[in-house]
Protein chains: 2
Amino acid sequence: MTTEMATDPTQAARWFHALSDATRLGIVMRLTGGERCVCELTDALDAAQSRLSFHLKVLKEAGLITDRRDGRWVHYSLNREAIEGAGQFLASIKPRRRLKVECCG
Amino acid sequence: MTTEMATDPTQAARWFHALSDATRLGIVMRLTGGERCVCELTDALDAAQSRLSFHLKVLKEAGLITDRRDGRWVHYSLNREAIEGAGQFLASIKPRRRLKVECCG
DNA sequence: TTGACATATCAACCAAAGTTGATATATCAT
DNA sequence: ATGATATATCAACTTTGGTTGATATGTCAA
C-alpha cells in the first residue's frame, strides 16, 4: 500500500492546467509507451519544433514529465507520481449524497 | 462492472481545463458533500457573485456539474460520470516500460 | 403589481497562454 | 575547428481566460 496524502488543490490545478491541452495530452499518451525522444514526438504529433518544445516545457514545469539528455537527443518520460497524484485528487471527488440539510428558503 | 470506453482526448482536455483553476476546484470539492445552492458556495468561497457564476458556468459547460432550479435558488451538483471519465483517462496514462527500441543515433 | 432577492449575463478591461519564425546552445562527425 | 543536427529560447503577436461592476431575468412575498 502506498502512502496517500490529501492533494493540495493548488498543485492539482497546476496538473490539470498542464493536461488541459490536446497537444499535451497527445504527448502524454505517447509517453504511456515509455520514454520517447523529442524527434519521435515531433513526427508522431506533427507539431512545429518550437511549439512542441513549448508544450514539453509546460508539462515538465508542472512535474508531469521528466527529461534525460543523451548526447544530442533529449528523452522525455512520464512522472508516475504526478499522474497518480492527479488521479488521486479525482478519486477524492466522489459525490456523497447529502445528509438532509436544506440550505435556503 | 461498469462499461469502460477509451476517452476522447479532446473531451479529456475540456474536463481538465475546467479543473485547472483553484476556485473551480474549490467548488468541486464543496460539491463532494452533495448538492449545494449558489448562496452556500458564495459564502464558503467568498467570491463575488458574478465571478462565482462565471466559474459555475465553465464547470457546467464542461459537463462536470449540473444545475437544478428550485424557486429562486439554483442548486449545483457533481456529474459523477464526467468526474469518473476524467479519472479513467488518467488511469489509462500508466507508464509502461519501453520494449527495447532505441529511436535515434 | 411592486419590491426584494437569487442568479445569470454583459461589456470593458487586463493577464495568461499559445503560435510562429528567428536565433541560440549543445553535441556530434569530419 | 567547421558544419550539421537536435533541442531550447526568444520576441512579437493573436487568442483565450478571468475579474469587475452594471444590468437583466426569474421568482417569491406583501
Side-chain angles (χ1 to χ4, degrees), chain A residues 9-28 30-31 35-77 101-105, chain B residues 9-28 30-31 35-77 101-105:
Chain A
T10 303
Q11 175 57 55
R14 271 192 280 268
W15 285 330
F16 292 133
H17 168 255
L19 294 169
S20 71
D21 174 277
T23 302
R24 292 196 291 266
L25 287 186
I27 293 171
V28 157
R30 298 268 187 260
L31 295 183
E35 195 183 61
R36 290 284 182 274
C37 88
V38 177
C39 51
E40 290 176 287
L41 295 169
T42 309
D43 290 1
L45 301 167
D46 87 328
Q49 189 265 318
S50 68
R51 185 163 160 259
L52 187 59
S53 200
F54 167 77
H55 288 298
L56 286 166
K57 191 184 192 190
V58 172
L59 286 167
K60 184 181 161 189
E61 285 180 343
L64 289 166
I65 63 177
T66 56
D67 58 350
R68 171 177 76 84
R69 173 143 233 150
D70 175 27
R72 13 184 179 174
W73 296 281
V74 177
H75 300 262
Y76 282 89
S77 39
V101 186
E102 270 308 315
C103 71
C104 33
Chain B
T10 304
Q11 174 59 55
R14 271 192 280 271
W15 286 329
F16 292 133
H17 168 255
L19 294 169
S20 70
D21 175 277
T23 302
R24 292 197 290 269
L25 288 187
I27 294 171
V28 157
R30 303 271 172 206
L31 295 182
E35 196 183 63
R36 291 285 182 272
C37 89
V38 178
C39 50
E40 288 176 288
L41 295 169
T42 309
D43 288 1
L45 301 166
D46 87 327
Q49 189 266 316
S50 69
R51 183 162 160 259
L52 187 58
S53 202
F54 167 77
H55 288 297
L56 287 167
K57 190 184 193 188
V58 172
L59 286 167
K60 184 181 160 188
E61 284 179 345
L64 290 167
I65 62 177
T66 56
D67 57 349
R68 173 178 75 84
R69 171 143 234 148
D70 174 29
R72 15 183 178 172
W73 297 280
V74 177
H75 298 262
Y76 282 90
S77 39
V101 186
E102 270 308 314
C103 72
C104 31

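Naming: A, B, ... by sequence-line order, numbering from 1 per chain. Predicted model, so just to flag it, every value in this text is computed and none were measured. What you see below is based on every heavy atom in this structure, not just the backbone, and it leaves out hydrogens, waters and symmetry mates.
Counting to the nearest Å, the P atom of D/dG18 and the CD atom of B/Glu61 are 12 Å from each other. Atoms CG (B/Asp21) and C1' (D/dT16) sit 14 Å apart, rounded to a whole Å. Rounded to a whole Å, the CG atom of B/Leu52 is 16 Å from the P atom of D/dG21. Per the geometry, CZ belonging to B/Phe54 stands 19 Å off C1' belonging to D/dT23, to the nearest Å. If you measure from atom CG of A/Leu45 to atom P of C/dG18, you get 15 Å, rounded to the nearest angstrom. Atom P of nucleotide C/dT9 and atom CZ of B/Arg51 are separated by 18 Å, given to the nearest angstrom. To the nearest angstrom, C1' of C/dG18 lies 15 Å from CG of A/Leu25.
Across all non-hydrogen atoms, the minimal contact from A/Ser20 to A/His17 is OG-O, 2.6 Å. In terms of heavy-atom proximity, A/Val28 sits nearest to A/Leu19 at CG2-CD2, 4.4 Å. Residues A/Leu56 and A/Ile65 share a closest heavy-atom pair of O-CD1, 3.6 Å. Taking all atoms of both residues into account, the shortest heavy-atom contact from B/Thr42 to B/Leu52 is OG1-CD2, 3.2 Å.
Residue B/Tyr76 has no polar side-chain atom (N or O) positioned under 4.0 Å from OP1 or OP2 of C/dA6. When the side-chain nitrogen and oxygen atoms of B/His55 are compared with OP1 and OP2 of D/dT19, one or more of them lie within a distance under 4.0 Å.
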> Just by protein heavy atoms under 4.0 Å, how would nucleotides 24-30 of chain C read 5' to 3' in B, S and -?
Replying inline: ---SSS-
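Residues from residues 10-19 of chain B that place a heavy atom under 4.0 Å from any atom of DNA chain D, listed by number: B/His17.
Distances were taken from every side-chain heavy atom of B/Lys57 (C-beta onward) to each of D/dT19, C/dA8, C/dT9; the shortest belongs to C/dT9. Of the listed nucleotides (C/dG18, C/dG21, C/dA8), C/dA8 has the atom at the smallest distance from the side chain of B/Ser53.
The CG atom of A/Leu45 sits 10.0 Å away from atom NE2 of A/His55, with the distance rounded to the nearest 0.5 Å. The OG1 atom of A/Thr10 lies 10.0 Å from the CG atom of B/Asp21; values are rounded to the nearest 0.5 Å.
Where B/Gln49 and B/Val58 meet DNA chain D, the nucleotide closest to each residue was compared, and B/Val58 sits on the side nearer the 5' end.
Distance alone, capped at 3.5 Å, places no donor-acceptor pair between the B/Ser53 side chain and the B/Gln49 backbone. At least one donor-acceptor pair closer than 3.5 Å links the side chain of A/Arg24 to the backbone N or O of A/Ala18. Checking side-chain atoms of A/Arg69 against main-chain N and O of A/Gly71 turns up a donor-acceptor pair under 3.5 Å.
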